[in-house]
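The analysis underlying the following values was restricted to heavy atoms, covering all of them including side chains, and did not include hydrogens, waters or symmetry mates. Lettering follows sequence order; numbering is per chain, from 1.
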2 protein chains.
Amino acid sequence: MGAEQLVLAVSTVVVALRPHPETGRLTLWLPLVRRIREPYRGMWALPGEPLRPEDDLATSARRTLERTTGLAPHYLEQLYAFGAVDRSPAGSGEDRVVSVVYWAIIRADEDARAIDGENVEWFVADEAPHLAFDHDTVLAYALARLRAKMGYSAIAHAFLTDEFTLAELRQVYEAVLQRPLDPANFRRQVLASKRVVPTGRHLSGTAHRPPALYRLAVPIPSADPARVVAAGHPEQEELT
Amino acid sequence: MGAEQLVLAVSTVVVALRPHPETGRLTLWLPLVRRIREPYRGMWALPGEPLRPEDDLATSARRTLERTTGLAPHYLEQLYAFGAVDRSPAGSGEDRVVSVVYWAIIRADEDARAIDGENVEWFVADEAPHLAFDHDTVLAYALARLRAKMGYSAIAHAFLTDEFTLAELRQVYEAVLQRPLDPANFRRQVLASKRVVPTGRHLSGTAHRPPALYRLAVPIPSADPARVVAAGHPEQEELT
DNA sequence: CCAAAAGTGTTACCCGTACACCCATGA
DNA sequence: TCATGGGTGTACGGGTAACACTTTTGG
């Protein structure tokens with residue numbers, strides 16, 4: 001037992017929707033980085049970095065996203081702080097690491113511009129390899145929470161551009177929730193929620209009847225506590 | 001600008017239900033500690049401590065609870081990690097502090113045994129004084145989240161003993177949500193949810209008809225990611 | 001004009017709410 | 001026996017799910 005140090009790191013689970021290589025259906029993908037040193041050398045892990053004293057937690061997550069994908073996040077949210085003492089292999093003289101984990105959601109249009117960083121590779125989220133540290137748990141938790149949050153918040157829009165068709169929005173839900181939704185009922189529910197406003201424009205060039213384009217009525221609410229509190233009487237759906 | 005160090009601390013928002021000093025109705029209370037050194041000397045703050053390298057985050061929260069109330073927590077959940085760079089007054093040469101905040105819920109029977117620690121005093125949650133650091137925000141967020149979570153989880157039971165009447169359970173909801181609930185409908189909803197099982201026993205000594213006693217059918221689900229993930233197909237209501 | 005997706009209408013059902021009412025007990 | 005909270009019955013209304021149907025385009 002040497003002089004163990006306590007280190008604070010920030011990791012980010014970056015998710016985007018891309019077609020599945022086999023079925024062609026939209027699925028969640030995420031970038032992982034291959035570890036180039038011990039411990040867990042050679043294994044895949046979530047991207048991250050130690051927190052610098054001059055950085056906010058979110059700033060660190062943003063930089064990690066930049067480094068691994070070349071992108072700036074439009075949606076970033078804190079997930080959880082993982083701090084079990086045995087997260088790094090015990091007795092190896094390694095530092096004890098507490099990781100604050102963030103989520104970032106990549107929009108379809110940005111995803112096209114994504115550039116892989118050093119030792120970065122994208123994986124289908126549900127088919128990711130066994131990961132270093134406790135990152136299997138972290139990833140599973142992130143996915144479970146993302147799916148749960150789809151039900152009561154507007155994060156689905158974080159995957160889409162400003163203008164979108166209701167079919168596109170529905171496909172996001174179907175991809176993340178992994179089940180088909182009734183187009184007729186979906187349309188009514190979304191319109192009834194007033195979250196979405198028709199732009200008057202229509203999407204042309206489709207194989208069939210041109211669908212109407214919509215825009216978000218209000219921006220996606222931030223999950224940042226400071227903003228949630230400042231918003232006065234918080235709605236349940238805005239709290240995690 | 002001296003050599004700033006990065007420090008990781010764990011704070012705990014401890015809540016219990018006690019009668020309001022004026023109205024006599026049940027309300028949320030919490031213990032605060034008076035700061036005995038700079039910065040914010042003399043102000044009230046959330047109890048907490050720097051994380052020791054040999055402690056899990058939850059272990060640290062547990063010790064804080066022990067130190068301020070003499071109790072061991074039956075319900076403990078991680079809330080959020082606060083890490084803005086200016087949380088401590090800037091330029092004062094103070095360390096930069098990242099705080100992982102936990103919630104602890106005190107049951108009615110334990111609350112009776114609570115002993116105040118050094119410089120500890122309890123306050124009605126909604127009438128707490130202006131706090132040190134960003135603890136006003138932290139507290140507001142904790143209360144908002146507690147109220148939201150009452151709607152879709154079983155945490156209300158964290159305030160109660162093993163055996164309880166439906167009226168007691170309803171009073172917990174009413175106290176936290178700050179609005180009256182229809183006893184008839186409340187009873188049906190709770191019974192329909194199957195979360196609760198009659199013990200067959202009745203509470204005697206009441207002024208009127210003796211109410212039936214109930215017990216939790218399944219323990220309150222832990223919000224710990226490791227357990228949530230291990231539980232297989234997670235229900236939405238178990239996720240935060 | 002045909003296929004297929006966009007979009008509308010209709011109906012049955014579940015669930016939350018409101019509220020009238022009966023039951024059991026201590027005082 | 002009466003006041004009071006415990007406990008039951010019932011009817012209304014909003015929201016969701018299922019699915020038949022009409023509309024609009026490209027080929």
Side-chain angles (χ1 to χ4, degrees), chain A residues 19 24-26 147-148 150-154 156 160 163-175 177-215 235-237, chain B residues 19 24-26 108 147-154 156 160-161 163-215 235-237:
Chain A
R25 289 175 40 194
L26 276 187
R147 283 172 178 137
M150 291 292 286
Y152 58 90
S153 86
L160 295 175
E163 273 192 322
F164 51 86
T165 70
L166 293 186
E168 288 168 342
L169 180 59
R170 178 168 47 81
Q171 281 160 19
V172 171
Y173 276 90
E174 290 178 337
L177 299 179
Q178 294 175 306
R179 72 184 153 92
L181 299 175
D182 184 312
N185 294 329
F186 181 81
R187 142 183 298 279
R188 262 187 300 259
Q189 286 168 19
V190 170
L191 294 181
S193 77
K194 303 283 187 189
R195 284 203 301 249
V196 130
V197 173
T199 64
R201 300 172 12 99
H202 286 252
L203 184 67
S204 61
T206 63
H208 303 290
R209 177 173 176 176
L213 287 167
Y214 293 82
R215 193 187 302 278
E235 298 300 323
Q236 169 174 342
E237 52 174 347
Chain B
R25 290 175 40 195
L26 276 186
R147 283 169 179 141
K149 189 153 186 173
M150 292 291 286
Y152 57 89
S153 86
L160 295 175
T161 329
E163 274 192 321
F164 50 86
T165 70
L166 292 186
E168 287 168 344
L169 181 59
R170 178 168 48 82
Q171 281 160 19
V172 172
Y173 276 91
E174 290 178 337
V176 177
L177 299 180
Q178 295 175 302
R179 72 184 153 92
L181 299 175
D182 184 310
N185 295 328
F186 181 81
R187 139 183 300 277
R188 262 188 300 261
Q189 287 167 19
V190 170
L191 294 181
S193 77
K194 304 281 188 192
R195 284 202 301 249
V196 130
V197 174
T199 63
R201 297 166 20 90
H202 286 252
L203 184 67
S204 60
T206 62
H208 303 291
R209 177 173 175 177
L213 287 167
Y214 293 82
R215 194 186 300 281
E235 298 301 323
Q236 169 176 340
E237 51 174 346

Quiz prompt | Under 3.5 Å: donor-acceptor pair, side chain of B/Thr199, backbone of B/Arg215 | solution = no

Self-check item: Nearest-0.5 Å distance, CD of residue A/Gln189 to CG of residue A/Leu181
Solution: 8.5 Å

Practice problem: Starting at OG1 of B/Thr165, measure out to CZ of B/Arg187 and round the result to the nearest 0.5 Å. | Solution: 9.5 Å

Exercise. Under the ring pair (Phe, Tyr, Trp, His ring centres under 6.0 Å) rule, collect the residues that match up with A/Phe164, sequence neighbours excluded.
Key: A/His157

Report yes if some heavy atom in the side chain of [X] is under 4.5 Å from a heavy atom in the side chain of [Y]; otherwise report no.
X: B/Met150; Y: B/Val172; value: yes
X: A/Arg147; Y: A/Gln178; value: yes
X: A/Pro198; Y: A/Leu213; value: no

Self-check item: Pairwise ring-ring contact (aromatic ring centres under 6.0 Å, His included) hits with a residue in residues 176-208 of chain B, at least two apart
Solution: B/Tyr173-B/Phe186

Quiz item: Which parts of residues 177-192 of chain A get close to DNA chain D, meaning a heavy atom less than 4.0 angstrom away?
Solution: A/Asp182, A/Ala184, A/Asn185, A/Arg188, A/Gln189

Quiz item: Tell me, which of residues 167-174 of chain B have any heavy atom that sits under 4.0 Å from an atom in DNA chain D?
Solution: B/Ala167, B/Arg170

Quiz prompt | A/Tyr214 and its side chain to side chain contact (heavy atoms under 4.5 Å, CB included) partner, picked from A/Leu160, A/Leu191, A/Val197 | solution = A/Leu191

State, to 0.1 Å, how close [X] and [Y] come at their nearest heavy-atom pair, and which atoms those are.
X: A/Leu203; Y: A/Thr206; result: CD2-CG2, 3.9 Å
X: B/Gly24; Y: B/Pro19; result: O-CB, 3.5 Å
X: B/Glu168; Y: B/Glu163; result: OE1-O, 4.5 Å

Self-check item: Boundaries of the DNA chain D segment in contact with chain B, non-hydrogen, under 4.0 Å
Solution: D/dA3 to D/dT10

Quiz item: When you measure from every atom of DNA chain C, which of residues 203-211 of chain A have a heavy atom less than 4.0 Å away?
Solution: A/His208, A/Arg209, A/Pro211

